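Predicted, not measured: the structure shown is a model, and the values here were computed from it. Note that ligands are numbered from 1 as they come in the structure, with each ligand's atoms numbered from 1 the same way.
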Amino acid sequence: MKSPHVLAVPFPAQGHVKPLMKLCRQIAKRGIKVTFVNIQSIHEKIVAADKNTSVDNNNEEDNIILVSIPDGRSPEDDPNDTIKLLETLRHSMPGFVADLIEEINGSNPDQRISCLIADVTMAWIFETAEKMGAVPVAFSPASAAAIALVLHTPELLEQGYLDTNGTVTKGDIVSLSENVPAWTKNELAWSAPGDLQTQKIFFDCSVRIPETVNQAKWLLSNTCYEIEPSACDLSPNLLSIGPLLESQNPKSPSNSCSFHPEDESCLAWLDNKPPESVVYVSFGSLAVFSQQQLDELAFGLENSGRAFLWVVRSDLANGSRAVYPDGFLDRVGEVGKIVEWAPQERVLSHTSTACFVSHCGWNSTVEGVGNGVPFLCWPYFSDQYHNQSYICDKWEIGLRIEPGENGIRSADEIKGKIDKMFCDDRLKKNAVKMKEVCAKSVGEEGSSYNNLETFIDHLMK
Ligand SMILES: O=c1ccn([C@@H]2O[C@H](COP(=O)(O)OP(=O)(O)O[C@H]3O[C@H](CO)[C@@H](O)[C@H](O)[C@H]3O)[C@@H](O)[C@H]2O)c(=O)[nH]1
């Protein structure tokens, strides 16, 4: 009797690896074996990051095995050059994945790879996998609206709303439906105002996605129908199976897939704070700030007089360690806690957390929504502006922290919005309602639950 075996291949970025692992945990929980593949450099980061925490990697009972393949880069390549990495992966990955499938199938013929779940941006391995007998499945870690936009690019191009660089050519917005927030022209996922070359590279990646989706037998998305019904309706083949949350995994934490060690000391610090008193500040894995912007943020937090937990990655200051304003750390003392990386979902589900100052990456968005936390939005690039529109305009669970004319968010603006957040019960009430909606969707017989069951039933066949 042959058992199903999933090979999962994320795009090598934090906001893609983590949600795919959460999906794999749901699959593994139903007794299906998963081999989770990262390129070598990411695999090493994950294993090293989990070593000094309570997170358990390669727990046999989890049915998940972490493995790595080479990334095909030469030693001279800049490890931070994502565009170069994408090009390299496109050429090298099909071969490495084929070798891996062959090795797995050869060593255990009863557990041959029966399904490949890959990030929607990784089309180039679907054909290889299919030829080797694995059903290709695309996974999108972004919103249904984000995937709807890319699936509609062929029409948008044909009707002249976009040019081949991805620049809006008719009007100032792109709208797919009156029930989905429109995209303003500089806030499309591939937009890079002032840098047409980068924008074109991102746009070219996006326009390949519809083809990938056609090749895949399923398109899974980390959202639920109830929070963005119109966007889900715009992509008829999309199966919403989210929001994927840590709390769905009773044995959590295991395989956190964090690229940095999670500093669990902030949980004990939160335990000593009153309920709903702490401002949690985190900008995901990619956003970087100028020193001037970091200073304004530090002053804004200090002047708010509220307790804050701030994630300051070691590269947050334009790739370097942040330098705080003179005397800042002494003045805030125990009122502020700074960590390099937090166990974010455990922070968001903590009763002391009041609100989330966020860049609005989709994972952070659904993690905040799924835990009933209101937002102060500070988008940085890509889909984050559209997620901000959902948060502030559609769901009404957050406020925008607006940049000034110089593009900098001032200490006064930051303090002002924190004050407003603590005075506005409506935002918290709406956030709690959204949490209930998500819980219902992933709970037994909910829409996301049923979609995931349908998918898993097919895996078992
Ligand atoms: O201290 C921290 C900070 C973040 N996280 C986690 O890291 C992930 C970050 O993902 P996300 O919030 O989506 O941000 P990015 O890392 O910026 O994600 C990229 O990928 C997302 C999914 O495609 C896009 O929506 C974003 O715009 C893009 O920047 C989340 O799961 C967080 O829980 C932690 O565990 N600890």
Side-chain angles (χ1 to χ4, degrees), residues 10-23 25 42 45-46 49-50 53 55 82 119-122 138-147 149-150 187-192 202 205-206 209 221-223 242-247 252-253 255-267 270 280-289 309-316 337-350 353 356-371 373 375 377-391:
F11 180 80
Q14 182 71 91
H16 296 243
V17 176
K18 253 183 184 277
L20 184 56
M21 173 53 81
K22 288 187 212 164
L23 169 62
R25 286 208 214 114
I42 301 290
K45 271 190 197 177
I46 289 170
D50 282 350
T53 64
V55 171
T82 315
D119 196 276
V120 77
T121 52
M122 314 271 275
F139 172 70
S140 163
S143 66
I147 197 80
L149 180 66
V150 292
E187 298 182 350
L188 295 156
W190 51 80
S191 291
F202 287 140
C205 287
S206 298
I209 289 178
S221 165
N222 184 15
T223 190
L244 294 158
L245 297 172
E246 293 279 357
S247 50
S252 170
N255 292 325
S256 82
C257 278
S258 273
F259 289 10
H260 312 276
E262 293 179 350
D263 186 338
E264 294 174 332
S265 69
C266 60
L267 299 173
L270 280 170
Y280 174 56
V281 188
S282 169
F283 301 99
S285 60
L286 301 171
V288 287
F289 294 100
L309 170 59
W310 182 10
V311 178
V312 182
R313 295 188 332 264
S314 57
D315 59 354
L316 189 65
K337 171 90 178 158
I338 295 178
V339 293
E340 282 196 19
W341 194 252
Q344 178 159 301
E345 288 202 58
R346 285 184 279 163
V347 168
L348 290 169
S349 63
H350 198 286
T353 302
F356 185 7
V357 177
S358 171
H359 70 311
C360 310
W362 184 249
N363 295 288
S364 293
T365 301
V366 290
E367 289 162 11
V369 168
N371 284 294
V373 180
F375 286 79
C377 299
W378 184 322
Y380 174 68
F381 75 156
S382 185
D383 58 334
Q384 297 158 14
Y385 291 97
H386 195 261
N387 300 337
Q388 169 180 253
S389 304
Y390 264 140
I391 292 169

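- For N387, no nitrogen or oxygen atom sits less than 3.5 Å from a nitrogen or oxygen atom of ligand 1, counting backbone and side chain alike.
- Per-residue contacts place L286 under 4.0 angstrom from the following atoms of ligand 1 (heavy atoms of the residue considered): 29 (O).
- Close approach of ligand 1 to Q14 is summarised as follows: ligand atoms under 4.0 Å from at least one heavy atom of the residue are 7 (O).
- Closest of all the heavy-atom pairs between N363 and P141 is OD1-O, 4.4 Å.
- Residue K18 approaches ligand 1 through these ligand atoms, each under 4.0 Å from one of its heavy atoms: 6 (C), 7 (O), 31 (O), 35 (O).
- A search for side-chain hydrogen bond (donor to acceptor under 3.5 Å, both in side chains) contacts involving S314 returns nothing, not counting sequence neighbours.
- Applying the 4.0 Å criterion to heavy atoms of P141 picks out, from ligand 1, the atoms 22 (C), 23 (O).
- For atom 12 (O) of ligand 1, the nearest protein heavy atom (residue, atom name, distance) is S364 OG, 2.5 Å.
- Between I209 and V120 the shortest heavy-atom distance is CG2-CG2, 3.7 Å.
- Under the 4.0 angstrom criterion for non-hydrogen atoms, S282 is in contact with ligand 1.
- A ring-ring contact (aromatic ring centres under 6.0 Å, His included) with F283 is found for exactly one of W310, Y380, F289, namely F289.
- Separation of atoms SG (C377) and CG (N387) is listed at 9.0 Å; rounding is to 0.5 Å.
- Rounded to the nearest 0.5 angstrom, K18 NZ and E246 CD are separated by 5.5 Å.
- Using a 4.5 Å heavy-atom threshold, the side chains of W341 and Q14 count as touching.
- Annotation: side chain of W190 is not in contact with side chain of C205 (no heavy-atom distance under 4.5 Å).
- Of the protein's non-hydrogen atoms, N363 ND2, 2.8 Å is the one closest to atom 13 (O) of ligand 1.
- At least one heavy atom of F381 sits closer than 4.0 Å to an atom of ligand 1.
- Within the 4.0 Å heavy-atom cutoff, H260 does not count among the residues contacting ligand 1.
- The nearest heavy-atom contact from the protein to atom 18 (O) of ligand 1 is G15 CA, 3.7 Å.
- Contacts between D383 and ligand 1 below 4.0 angstrom, taking non-hydrogen atoms only, involve the side chain exclusively.
- Taking distance alone, with nitrogen or oxygen atoms compared against 3.5 Å, H359 approaches ligand 1 more closely than that limit.
- Contacts between E367 and ligand 1 below 4.0 angstrom, taking non-hydrogen atoms only, involve the side chain exclusively.
- Closest protein heavy atom to atom 29 (O) of ligand 1: Q384 NE2, 3.2 Å.
- Applying the salt bridge (charged side-chain N to carboxylate O under 4.0 Å, His left out) rule to K22 yields the partners E345, E367; only residues at least two apart in sequence or on another chain are considered.
- Counting atoms of ligand 1 from 1 in the listed order, those under 4.0 Å from a heavy atom of H16 are 20 (O), 23 (O).
- Side-chain atoms of V281 and V311, non-hydrogen and from C-beta on, never get closer than 4.5 Å to each other.
- To the nearest 0.5 Å, the span separating CZ on F11 from CD1 on I42 amounts to 9.0 Å.
- To the nearest 0.5 Å, atoms CG (L20) and OG (S140) are separated by 11.0 Å.
- Looking at S285 against ligand 1, both its backbone and its side chain come within 4.0 Å, counting heavy atoms.
- Scanning the protein heavy atoms around atom 5 (N) of ligand 1, the nearest turns out to be W341 CZ2, 3.3 Å.
- Neither the backbone nor the side chain of E345 has any atom closer than 4.0 Å to an atom of ligand 1 (non-hydrogen atoms only).
- Remark: ligand 1 atoms within the under-4.0 Å shell around heavy atoms of A342 are 1 (O), 2 (C), 34 (C), 35 (O), 36 (N).
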